[in-house]
Asks: 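One structure follows; several queries about it will come next.
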Amino acid sequence: MKVKTESSKIIKPFYEDNIIPPSTRTYIPLSVFDKVTYEAQIAIIYAYRPPTPPNAAIQLGLQKALAIYREWAGRLGKDEHDNPVILLNDEGVRFVEASADSTLDKVMPFKPSASLLNLHPSLNNVVELVQVQVTRFTCGSLVVGFTAHHTVADGHSTSNFLVAWGQACRGLGINPLPLHDRTIFNPRNPPLIEYEHKGTEFMSKSVKKENSLNESTHHVTEDIVVHKVHFTVEFLAKLKAKASSMNNNNHNNNKPYSTFESLVAHLWRAITKARGLSGFETTHIRISVNGRMRLNPRVPNEYFGNLVLWAFPTSKVKDLLREPLPYATKLIHDAVAKVNNNYFKSFIDFANHKEEDLIPTADMSKHILCPNLEVDSWLRFPFYDLDFGTGCPYMFMPSYFPTEGMMFLLPSFIGDGSIDAFIPLFQDNLPTFKKICYSLDLLEN
C-alpha cells in the first residue's frame, strides 16, 4: 500500500454566529491529572465504506468542533510563573489529505504493522495538539487517521470530542457541551495523604535514569511483534464463568467478575507464561481507572481533560501461574476497587505538595514493559459513533505501537460483543502465546 500526501495545512476553529466568540482568557492551567499522564501523541484509525463525505465537509465539521473544544487548537506552553498550561491561541490543527494506490479490501481488516503509520501524520516533534489525515482509496473508501496529545485529554474526553466532530459535520448542535474548568481539583486543608503515591504515580528522576539504562540491555524494538487476538462472545462467556467460579464467595455477594477483569486476568497469565519468567519475579499490570464516577461529588462525564489514575494488581509469577484463574481476577478486581474517592483525593493532596525531584511513572517512551503489562481498555468509549454524515465507521483501531507488554482492548468491528486485543510481544515469545491464548485449562496444573 502506497500512500501519497496530496496536501497538508493548518486549519483553525470556525466560530459561527450562534457560538460565543472566544473569551479573553489566554490559557488553561494543567490539572494534577494532566501533569501525571502520558506526555505523548496517541494515534487512532477509522475506516469508512463508500459513500463517504467530501474532505471539505469533514474539515468544516472539525473547525466547528474546535470552536467548542478550543484546547485542541491551542499549544502547550508556560504561564508567567513558568507553570505548564494550554495556550488558547487558536493556532490550529494539522489537516492532511492523502490517497492510497489500492482498494480498502486489499488491506482490511488492518493487521498491526508499521504500514499503519502511513495513515496518520507523524507523532514525532509535533507542536499541533491534534492532527487529522484523510486517505482516499481507489474503491471510494475513506480512512481517517487522528492523533491527539494525551496531556490535553484522556480517552473518555477524546471520544466525546470525536462524537462532537461528527455532530458538527452533520449540521447538529454539539451535545453535550464540554466542561472546561480544570481548577476543580483542589487539595484539602490540611492535606490527608492516606496512600503511597511515590513509586505509584510518581518516581524520582534517578529511578527513571536507572530503568532506562536497564532497558537498553534488552531486545531492540525490531524484535517486537504486535499480535491481534479475537475473542468471541462464546469464549468470553466461558472465561467469565471460570474466573467467577471459585474462591469467590465473598465477592460482591457472589456477583460474577466483569468480562474485562476476567479477560485481563487470562491475558496476564498467558503472557507471563509465554515470557518464560522466573517464578520468583514479580509482575504487575497498569490499569487505567476513570475518576469521573469515583470522585465524590461526582465529576460530570462532560469534563474535558485527564481524570485517570491507575491500579497496579501485583503477583509473584509462580503464584500467578500456579493458582487458578479466579486468583488473578480477584487481584485485578481488588486493586481497581481500591482506586476510590479517598485514593483520588489523597493523590490530589500529594500532587500539590510533592517533591521537586518527582516525575510521572507514565512513560510512552519505554519499549519494553516485561515483566509487567499495561492495558488500555477502549471497550466503553463511543469511538464507533463518529459519523461524518454517511454512517458510522466500518472499523476502528489503534495505530502501530510496538511497546512490548502494552495491550489495547477494543470492541470488535463485527459488533456482536466480541473483543479484539492487540498484544505486543517479543517474537521469541509469540509461538507459546498463540498456543495458549485460547486455552482455558493449559495454564493450570
Side-chain angles (χ1 to χ4, degrees), residues 11-16 19-44 61-77 79 83-93 128-132 146-169 172-186 288-295 297-309 344 347-348 351 362 376-378 380-383 385-386:
I11 64 170
K12 303 194 174 191
F14 174 66
Y15 296 98
E16 298 180 275
I19 292 180
I20 300 171
S23 69
T24 54
R25 194 173 181 194
T26 56
Y27 63 79
I28 290 180
L30 295 184
S31 76
V32 288
F33 298 103
D34 301 324
K35 293 174 187 175
V36 80
T37 195
Y38 298 95
E39 194 177 342
Q41 294 266 351
I42 304 295
I44 54 179
L62 179 58
Q63 291 177 279
K64 290 178 179 179
L66 290 173
I68 303 294
Y69 288 84
R70 284 189 71 204
E71 295 92 331
W72 286 132
R75 297 289 184 264
L76 295 177
D79 67 9
N83 297 312
V85 299
I86 302 168
L87 301 172
L88 299 178
N89 54 20
D90 285 356
E91 288 197 4
V93 306
E128 297 87 15
L129 302 180
V130 155
Q131 302 177 105
V132 171
F146 175 85
T147 86
H149 204 296
H150 210 312
T151 298
V152 177
D154 58 20
H156 179 100
S157 288
T158 302
S159 64
N160 283 349
F161 167 74
L162 290 163
V163 171
W165 179 12
Q167 290 172 337
C169 286
L172 304 175
I174 289 176
N175 183 39
L177 290 171
L179 170 64
H180 294 285
D181 187 1
R182 300 190 186 216
T183 64
I184 59 177
F185 308 111
N186 297 311
S288 298
V289 180
N290 184 351
R292 289 167 180 80
M293 53 205 73
R294 305 230 168 194
L295 276 163
R298 184 169 170 165
V299 177
N301 282 330
E302 296 78 42
Y303 173 75
F304 183 70
N306 287 282
L307 189 38
V308 165
L309 292 178
F344 270 88
F347 167 80
I348 292 168
D376 289 308
S377 173
W378 295 352
R380 293 186 176 181
F381 297 150
F383 283 121
D385 292 349
L386 178 49

Asks: Could you tell me if D34 and S31 have a donor-acceptor pair between their side chains, going purely by distance under 3.5 Å?
Replies: yes
Asks: Contact between L87 and I28 at the side-chain level, heavy atoms closer than 4.5 Å - yes or no?
Replies: no
Asks: Just so I know, are the side chains of L295 and F185 near enough to count as touching, which here means a heavy-atom distance under 4.5 Å?
Replies: yes
Asks: Kindly determine whether L30 and I86 satisfy side chain to side chain contact (heavy atoms under 4.5 Å, CB included), including the steps that lead there.
Replies: CA-CA 7 Å; L30 295 184; I86 302 168; 3.6 Å; yes
Asks: Without swapping roles, check the side chain of N160 against the backbone of N301 for a donor-acceptor pair under 3.5 Å.
Replies: yes
Asks: Looking only at heavy atoms, which two atoms of V289 and F344 are closest? And how far apart?
Replies: O-CZ, 3.6 Å
Asks: Quick one: closest heavy-atom pair of E71 and V152, and the distance?
Replies: CB-CG1, 4.0 Å
Asks: Would you call I44 and F383 a side-chain contact if the rule is heavy atoms closer than 4.5 Å?
Replies: yes
Asks: Could you tell me the separation between the NE2 atom of H156 and the OG atom of S288, rounded to the nearest 0.5 Å?
Replies: 13.5 Å
Asks: Considering non-hydrogen atoms only, spot the tightest contact between Y303 and N306 and give its length.
Replies: CE2-O, 3.9 Å
Asks: Which distance, rounded to the nearest 0.5 Å, do you find between the CG of L66 and the CH2 of W165?
Replies: 9.0 Å
Asks: Looking only at the side chains, is there a donor atom on one of Q41 and T147 sitting less than 3.5 Å from an acceptor on the other?
Replies: yes
Asks: Strictly by modelled atom types, are Y15 and D90 linked by a side-chain donor-acceptor pair under 3.5 Å?
Replies: yes
Asks: Not counting sequence neighbours, which residues clear side chain to side chain donor-acceptor pair (under 3.5 Å) with N83? List them please.
Replies: D79
Asks: Would you confirm whether D385, through its side chain, and V163, through its main-chain N or O, come within 3.5 Å as a donor-acceptor pair?
Replies: no
Asks: What is the distance from atom CD1 of I184 to atom CG of L179, rounded to the nearest 0.5 Å?
Replies: 5.5 Å
Asks: Restricting to non-hydrogen atoms, name the atom on P29 and the atom on T183 that form the minimum distance, rounded to 0.1 Å.
Replies: CG-CG2, 4.1 Å
Asks: Please name all residues satisfying salt bridge (Lys or Arg N to Asp or Glu O under 4.0 Å) with R75, sequence neighbours left out, ordered by chain then number.
Replies: E91
Asks: Of all heavy-atom pairs between G92 and E128, which one has the smallest distance, and what is that distance?
Replies: O-CG, 4.1 Å
Asks: Would you say the ring centers of F347 and F33 fall short of 6.0 Å from each other?
Replies: yes
Asks: Rounded at 0.5 Å granularity, tell me how far CD in E16 sits from CD in Q63.
Replies: 10.5 Å
Asks: Kindly compute the distance separating OH (Y69) from CG (L162), expressed to the nearest 0.5 Å.
Replies: 9.0 Å
Asks: State, yes or no, whether a side-chain contact exists between E39 and H150 at a heavy-atom distance under 4.5 Å.
Replies: no
Asks: Using a 3.5 Å distance criterion without hydrogens, assess whether the side chain of T37 forms a donor-acceptor pair with backbone atoms of A362.
Replies: no
Asks: Would the distance check show the side chain of Q167 and the main-chain N or O of L172 forming a donor-acceptor pair, the cut-off being under 3.5 Å?
Replies: no
Asks: Less than 4.5 Å apart, any side-chain heavy atom of F146 and any of F161?
Replies: yes
Asks: Using a 4.5 Å cut-off on heavy atoms from C-beta on, say whether the side chain of F304 contacts that of D181.
Replies: no
Asks: For the residue pair A168 and G61, what are the closest heavy atoms and their distance?
Replies: CB-O, 3.4 Å
Asks: Kindly say whether R292 contributes a backbone atom to a donor-acceptor pair with the side chain of N290 at under 3.5 angstrom?
Replies: yes
Asks: Is the closest side-chain heavy-atom distance between Y38 and T151 below 4.5 Å?
Replies: no
Asks: Rounded to the nearest 0.5 Å, what's the gap from CH2 on W72 to CG on L129? Could you check?
Replies: 7.0 Å
Asks: Hey, is the main chain of A153 close enough, under 3.5 Å, to the side chain of S157 for a donor-acceptor pair?
Replies: no
Asks: When you compare the side chain of P84 with that of L76, does any pair of heavy atoms fall below 4.5 Å?
Replies: no
